[in-house]
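Report on one structure; see the data block that follows.
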Amino acid sequence: MAFSRFGSVLLLCVFIVLSSTVSISSASEEEKEYVLTLDHSNFSEIVSKHDFIVVEFYAPWCGHCQHLAPEYEKAASVLSSHDPKIILAKVDADAEKNKELAEKFELQGFPTIKILRKGGENIQEYKGPREADGIITYLKKQVGPASIEIKTSQHAESLVDDKKISIIGIFPKFSGEEFDNFMVLAEKLRSDYDFGHTTNAELIPRGESSVTKPTLRLLKPFDELFLDFTEFKVDAMENFIEESSTPLVTLFDQSPEYSVFLSKYFESEDAKVMFLVDYSHEEIENFRTIYHEVAGLYKGKGLKFLMGNVPDSQGVFQYFGVQEDLAPVIIAQNTDGLKYVQPNVQLSQIVSWLKEYMEGKLKPFIKSEAIPETNDEPVKVVVAKSLRDMVLDSKKNVLLEIYAPWCGHCKKLAPILDEVAVSFEKDPNVVIAKLDGTQNDIPSDTFDVKGYPTLYFRSASGKYVSYDGNRTKEDIIDFIQKNQDTVFESLKDEL
Ligand SMILES: *[C@@H]1O[C@H](CO)[C@@H](O)[C@H](O)[C@H]1NC(C)=O
Ligand SMILES: *[C@@H]1O[C@H](CO)[C@@H](O)[C@H](O)[C@H]1NC(C)=O
């Protein structure tokens, strides 16, 4: 059984934004809104007029978007008087009318912020902080040169710090193919990393200071601390940076500067291993050492490692449905989305557990709510643990809604499903049911959940059809009547 990747998208939405500081906006009511509101009718027109415009795609129900809003507005008001002007805009990407825009920008979660340059020709992901001052600093840098010339050691100090990655080109002169390619690279990756260039390697910390040929030096706050590279093809440099900029063990560090590493971790296509332990644990240093060694052992083998302090890792516990008091806990999620959990992990178990995981010897962990004690509402509650009995093997015609508690369309649908369920109450072969998709894992080879609500119908004989019709009582009842099997049909297999 394979499990949906949809979860990892949500995971991202939950985690990255945890780093934003929530500030309560002051009571003074501003009349003027500095953030432009765009929609499908004027998006292209406005964007095409600007050489540089920042667009936030949000959904009204998304809590992180609501936290961001006052910060974003504050940044917009400050940046409106910057020279050159920096325009901040927003689009409600959840609105039906803006659906095409949302699809065009391949949004993976909310909020998503994009930097559009040259009238929208060039699109970059905003990878900066989520509070006003951080947004301002980051965006000011984005309108300046893609790479800063380092002439003094002060320049070098301002570019290099111990929380982020800096990429510095060291050249005998600022011309030639190597230099040009470096500038192309800097323009391409400027929203991800800080770039600088110099003719004086002595100004650059770490590494050889007597550089004689063009050299790209990557400075990073972890592992080897610096790496040099001398092949000045854009693709090769990009690959080198991609490989070198992922820590061996990503930390669940929620400071804004670190968010780039966390998003890389959660966006990675690789399987993920997460170790959550209280940093006050008496054996913490040994845990750290072993875990880093294991990560080193599996380097390049399709696994990405993360370590987090229990109090900082609430989001992970919730996402995996694991109790906090089971820490130290090690969790793996493979590329099919299957989850593996080892609670109360001992120092001596880490190596062998991962070996068993790699050999496919572990049993997947299925997140589930408890089976409810009473279930006598018209719409029945299904959880992962009761999915088999109530749906997959039920021999009944089941309409199953997979919903999320925060989803507005689901709330709208709830009373309609109630009415549908009431209208079938006398028919013992039809069941209307719902499952909270955020709290229960379901097999993704049977249910393809790309959003909420997702409606599936399983006929008594086992045919699965997703329901994409209008969400009205009449249409849903009509659909069930057309697709249901009679009891006789469902028994045929067994006769
Ligand atoms: C774009 O159109 C919407 C809806 O008509 C409007 O509310 C918004 O103010 C317009 N934005 C700009 C920048 O003109
Ligand atoms: C849904 O409703 C709209 C308008 O009420 C109608 O045009 C459309 O054909 C309906 N779609 C289905 C699948 O019934």
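Indexing begins at 1, ligand by ligand and atom by atom, following the structure's order. The chain is numbered in sequence order, starting from 1.
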**Request:** List the closest protein heavy-atom neighbour of atom 10 (C) of ligand 1: residue, atom name, distance to the nearest 0.1 Å.
**Result:** Asn42 ND2, 2.5 Å

**Asked** Among all protein non-hydrogen atoms, which one is nearest to atom 5 (O) of ligand 1, and what is the separation to 0.1 Å?
**Response** Asp39 OD2, 3.9 Å

**Message:** I'd like to check which ligand 1 atoms, numbered from 1 as shown, lie under 4.0 Å from a non-hydrogen atom of Ile46.
**Reply:** 13 (C)

**Message:** If the condition is ring-ring contact (aromatic ring centres under 6.0 Å, His included), which residues does Phe226 pass it with, not counting sequence neighbours?
**Reply:** none

**Asked** Does the pair Asp92 and Lys97 meet the rule for a salt bridge (charged side-chain N to carboxylate O under 4.0 Å, His left out), with working shown?
**Response** CA-CA 9 Å; Asp92 176 356; Lys97 60 180 182 178; over 6 Å; no

**Message:** Any heavy-atom pair between the side chains of Leu387 and Val383 that's under 4.5 Å?
**Reply:** no

**Prompt:** Can you tell me the protein heavy atom closest to atom 7 (O) of ligand 1 and the distance?
**Reply:** Thr37 CG2, 4.8 Å

**Request:** Run the ring-centre check on Phe261 versus Phe222 and record whether the distance is less than 6.0 Å.
**Result:** yes

**Pairwise side-chain contact, Asp253 with Asn309, heavy-atom cut-off 4.5 Å (strictly under)** = no

**Request:** Using a 4.0 Å heavy-atom threshold (strictly under), name the region of Ser41 that reaches ligand 1: side chain, backbone, both or neither.
**Result:** side chain

